[in-house]
Amino acid sequence: MTVLKTSMRNFFAHKGRMALSAVAVLLSVAFVCGTLVFTDTMSTTFDKLFAATASDVTVSAKDASDGGETTSDNGKPPVIPSSVLADVRDVDGVKSAEGALHSTSLTVVDGDKESLSPTSGGPTIVGNWTANDARTMEITSGAAPEGPEQIMVDADTADKHGLKLGDEIGVISVVGTHTAKISGIADWAVTNPGAAIFFLDTKTAQQALIGETGVFTNVNATAADGVSDAQLKKNVVAALGGDYKVLTAKESTEAGQKDVEGFMGVLKYAMLGFAGIAFLVGIFLIINTFSMLVAQRTREIGLMRAIGSSRKQVNRSVLIEALLLGVVGSVLGVGAGVGLAVGLMKLMGMAGMELSTDDLTVAWTTPVIGLLLGVVVTVLAAYLPARRAGKISPMAALRDAGAPADARAGWIRGGIGTFLTAVGAFALYLTSAADKAAEGSMWLGLGVVLSLVGFVLIGPLLAGGVVRVLGVVVLRVFGPVGRMAERNALRNPRRTGATGAALMIGLALVACLSVVGSSMVASATDELDKTVGTDFIIQNDAGQLITPQAVTAVKDTPQVERVTEYKWTEADFTTPDGKRLKNTAITAADPTYATDLRVETVEGQLADAYRPDSMSVHEKFAEDHGISLGSKIDVAFKDGSTAGLTVRAITSSDAVVDAGAMYTSIDTMAKYVPADKMPLDMLLFVSAKDGRQDAAYTALKDSLHDYPQYTVRDQTDYKEALKDQIGQLLNMIYGLLALAIVVAILGVVNTLALSVVERTREIGLMRAIGLSRRQLRRMIRLESVVIALFGALLGLGLGMGWGATAQQLLALEGLKVLEIPWPTIIGVFIGSAFVGLFAALVPAFRAGRMNVLNAIATE
């Protein structure tokens with residue numbers, strides 16, 4: 001009980017000093033709990049949507065996906081004949097049945113030809129209005145569509161784009177463009193997480209999406225009273241046979257959940273990974289806080305030992321303080337996490353993905369995980385300072401405050417750190433020497449972890465030399481004040497090393513990712529310059545296929561000399577070694593593709609692969625299956641017949657553009673695949689007439705005015721788009737890493753604040769002999785700057801080393817250019833100085849306000 005009372009007294013006596021450590025715990029726990037609440041809420045939203053929209057039993061084409069995805073290689077969804085509807089209606093146990101038709105392989109535009117697709121990446125769905133839709137959506141304005149001139153839109157899409165009754169909308173599908181006016185607006189009874197939904201009447205939907213009547217994508221059956229979904233499915237399968245896919249409502253819901261499960265898992269664990277980094281940084285802050293508090297209470301602890309307190313009691317007292325800190329920070333963090341989740345939901349709403357707070361899901365495991373993590377991490381971080389406190393002897397009561405440094409422990413720590421750094425460096429060397437990316441990635445992970453831990457441990461040893469160098473460069477220009485700031489930073493190398501290490505972790509990751517991102521862009525750009533021999537590339541950024549009408553519009557552009565079509569599909573291969581490879585990708589293109597893309601071959605010429613009944617394979621595929629020039633591969637085309645194709649070229653497996661592609665000609669594919677099953681183009685490569693590139697660029701955009709879903713890019717545009725894509729990904733990662741950097745800044749603030757308290761008497765004496773308040777504040781700010789620059793120098797150096805090593809693995813995949821983004825590196829280093837200045841504002845202000853006489857009188 002006495003130990004508990006002492007711990008409580010000390011905790012509340014130093015509550016101001018504990019506050020920043022509590023904030024670090026709060027932020028880390030909040031990020032963990034916020035991530036769990038946010039992803040659980042997204043899962044709940046999708047679960048409700050899938051459950052609400054699933055029929056008791058759904059019948060669809062055999063090759064339709066379980067999750068309801070309706071796109072196909074030829075731009076039309078897999079369909080079933082309308083006769084199936086009549087057959088299902090006659091099945092025992094069916095109360096009612098209706099035919100439904102919908103497609104996502106299309107674009108919807110307003111009257112100004114602006115796309116109405118969601119900006120969040122959600123699907124655009126056009127279908128017929130059915131009774132099943134009426135269960136989940138309510139018409140709030142106008143009426144359901146009747147006839148080809150009418151269309152209905154969901155309320156979310158109408159609000160986002162300012163659509164109203166009577167506005168004209170165009171549906172662009174593989175069949176052509178169908179225009180209609182808005183007859184009604186329907187609102188969801190459940191949360192719509194970001195899809196744009198449009199409804200036509202049944203006959204119009206069949207003509208606009210498929211080009212023929214008498215077909216559906218699925219038949220929705222409702223069970224009669226007392227008939228289970230499982231029994232109804234059994235009855236339907238018995239009536240229809242095995243020619244169709246039949247799913248119960250539960251199976252449809254599970255299939256939909258599985259479709260989003262992968263994305264949700266990646267999002268969840270990526271965000272938790274960044275929360276873990278923040279926790280790691282927070283550990284340094286907590287260790288520093290308790291180490292300094294223990295040092296300041298050396299005499300107090302010595303007196304406690306002198307009057308009978310045991311080592312265990314002193315140790316326990318410090319750990320109880322840490323427990324209190326962990327509990328307070330974690331409880332507040334759990335609450336803040338729920339608030340963070342709501343904020344993320346609002347942010348996603350701005351990006352186009354609507355998530356309702358009505359679906360906010362806080363599982364009982366979320367606060368438990370947050371509390372456990374926060375408390376356990378805090379107590380573990382305080383263990384070393386607590387153990388150090390337990391070693392304080394009663395004789396310490398007779399000395400001035402401040403425990404003597406353990407020189408032996410410092411040498412042991414330095415030795416272990418040097419060993420781990422050396423082993424980490426060797427692992428990074430093995431990474432760069434690896435022949436296979438999979439093997440090298442394991443060495444890279446080991447090297448990153450060991451070198452990071454090693455740098456953390458040798459931080460105090462490095463602090464002396466690095467801070468002196470920084471002092472000469474940065475601090476000496478400030479005269480005596482600068483020299484005092486340098487000596488303060490050197491006074492306790494362990495503290496400086498731990499404070500700098502917290503900042504080092506976040507900046508090392510920033511530097512590493514910057515190097516990798518820049519190298520990827522530079523490598524891809526270099527490869528484009530070497531391989532792409534066409535003027536323009538036309539594609540849909542969301543992966544939507546190019547309709548025949550758009551292809552015709554491009555070919556009819558006067559300034560265009562040639563257009564190369566590029567298609568992709570899957571086929572079953574039977575190789576010379578007797579192996580059957582299912583669902584293997586094969587690319588079909590016009591013969592001019594050999595000119596438009598300069599693919600390196602190791603045997604033969606790529607142009608020969610476009611001869612009748614010919615193809616190419618890449619080098620690794622040829623080695624794995626004993627293929628050489630002249631070998632024959634049986635290719636069973638999807639939706640077509642089997643062709644015996646002769647290998648006329650073997651391409652390099654080191655290519656970046658179209659890596660691993662196997663080519664044949666469009667004419668060869670057309671020989672074995674029916675015209676109505678031929679896949680649509682994924683890309684178009686366009687070459688302008690000599691000297692007409694600028695005119696062709698403008699003319700192509702004009703030609704595709706009615707097809708806003710496609711983008712025309714020249715090589716400069718393409719490189720810029722690639723750079724933007726990688727840049728957006730990096731910016732998102734930097735934003736998540738910002739949490740760790742914020743916690744590191746709190747560590748600098750806390751270290752300086754406690755350091756000011758620790759040096760109260762010294763500060764009073766310096767003020768008494770003539771140091772002005774302004775000079776005092778400058779000294780503390782400069783000390784903060786040099787600590788921040790120390791952490792930045794270590795972090796950026798370590799991160800660039802990691803990034804350069806990672807690039808060696810990318811080189812095995814064809815990305816061979818190493819580029820160091822010096823503007824970013826230099827900008828981060830300079831920014832670290834401003835971080836140091838910012839972190840010192842409050843401690844410097846408090847130091848400047850100290851009463852000189854009271855400070856001198858402090859024990």
Side-chain angles (χ1 to χ4, degrees), residues 25-54 66-68 118 120-123 135-138 154-156 187-195 197 248-276 278-279 327 329-377 732 735-736 739:
V25 177
L26 183 155
L27 289 174
S28 301
V29 171
F31 205 71
V32 170
C33 292
T35 297
L36 295 176
V37 172
F38 176 64
T39 52
D40 287 346
T41 299
M42 286 188 70
S43 295
T44 299
T45 298
F46 281 109
D47 289 351
K48 285 185 176 180
L49 177 65
F50 295 140
T53 55
D66 291 346
S120 62
R135 290 194 303 112
T136 55
M137 300 188 77
E138 179 185 358
D154 73 276
D156 292 337
D187 202 358
W188 284 88
V190 293
T191 302
N192 170 23
I197 316 288
T248 63
K250 182 181 178 182
E251 289 170 338
S252 295
T253 300
E254 289 174 350
Q257 291 168 339
K258 189 175 181 180
D259 278 352
V260 300
E261 196 175 76
F263 164 73
M264 296 293 296
V266 171
L267 177 66
K268 179 178 179 178
Y269 291 113
M271 293 179 70
L272 288 177
F274 287 103
F279 262 119
V327 170
S330 299
V331 169
L332 295 175
V334 170
V338 176
L340 177 63
V342 173
L344 287 172
M345 290 164 63
K346 299 295 183 185
L347 188 63
M348 294 299 286
M350 294 171 61
M353 179 177 282
E354 300 296 337
L355 296 172
S356 172
T357 51
D358 293 340
D359 295 327
L360 190 69
T361 305
V362 184
W364 68 268
T365 53
T366 297
V368 171
I369 291 171
L371 284 167
L372 280 176
L373 274 175
V375 171
V376 170
V377 167
M732 184 175 67
L736 294 171
L739 175 67

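Excluded from the calculations below are hydrogen atoms, water molecules and symmetry mates; all remaining heavy atoms, backbone and side chain alike, are included.
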> How long is the gap from NZ on Lys268 to CZ on Phe38, to the nearest 0.5 Å?
Replying inline: 12.5 Å

>> According to side-chain hydrogen bond (donor to acceptor under 3.5 Å, both in side chains), who are the partners of Lys48, at least two apart in sequence or on a separate chain?
In response: Asp359

>> Do Thr136 and Thr53 pair up side chain to side chain, a donor and an acceptor below 3.5 Å, judged on atom types alone?
In response: no

> What pair of heavy atoms forms the shortest contact from Val362 to Pro367, and how long is it?
Replying inline: CG1-CD, 4.4 Å

> Which value, rounded to the nearest 0.5 Å, describes the distance between Met345 atom CE and Thr45 atom OG1?
Replying inline: 6.5 Å

> How far apart are the closest heavy atoms of Ala249 and Ala54, and which atoms are they?
Replying inline: O-CB, 3.9 Å

> So which heavy atom on Asp40 is nearest to which on Ala363, and how close?
Replying inline: OD2-CB, 4.1 Å

> Can you tell if the side chain of Met137 reaches within under 4.5 Å of the side chain of Asp154, non-hydrogen atoms only?
Replying inline: yes

>> Main chain of Leu36, side chain of Thr39: is a donor-acceptor contact present, judged purely on distance under 3.5 Å?
In response: yes

> Would you say Val32 and Leu272 make side-chain contact, with heavy atoms under 4.5 Å?
Replying inline: yes

>> What's the separation between atom OG1 in Thr44 and atom CG in Leu360, rounded to the nearest 0.5 Å?
In response: 9.0 Å

> To the nearest 0.5 Å, what is the distance between CZ (Phe279) and CG (Leu373)?
Replying inline: 5.0 Å

> Looking at Gly34 and Ala341, what are the two nearest heavy atoms and their distance?
Replying inline: O-CB, 3.7 Å

>> Give me the atom names and distance for the closest heavy-atom approach of Thr366 to Val37.
In response: CG2-CG2, 3.9 Å

> Could you give the distance from CZ (Phe274) to OG (Ser28), rounded to the nearest 0.5 Å?
Replying inline: 14.0 Å

>> On a heavy-atom basis, which atom in Val25 and which in Gly329 lie closest, and how many Å separate them?
In response: CG1-C, 3.9 Å

> Atom CG of Leu49 and atom CH2 of Trp188: how far apart are they, to the nearest 0.5 Å?
Replying inline: 5.0 Å

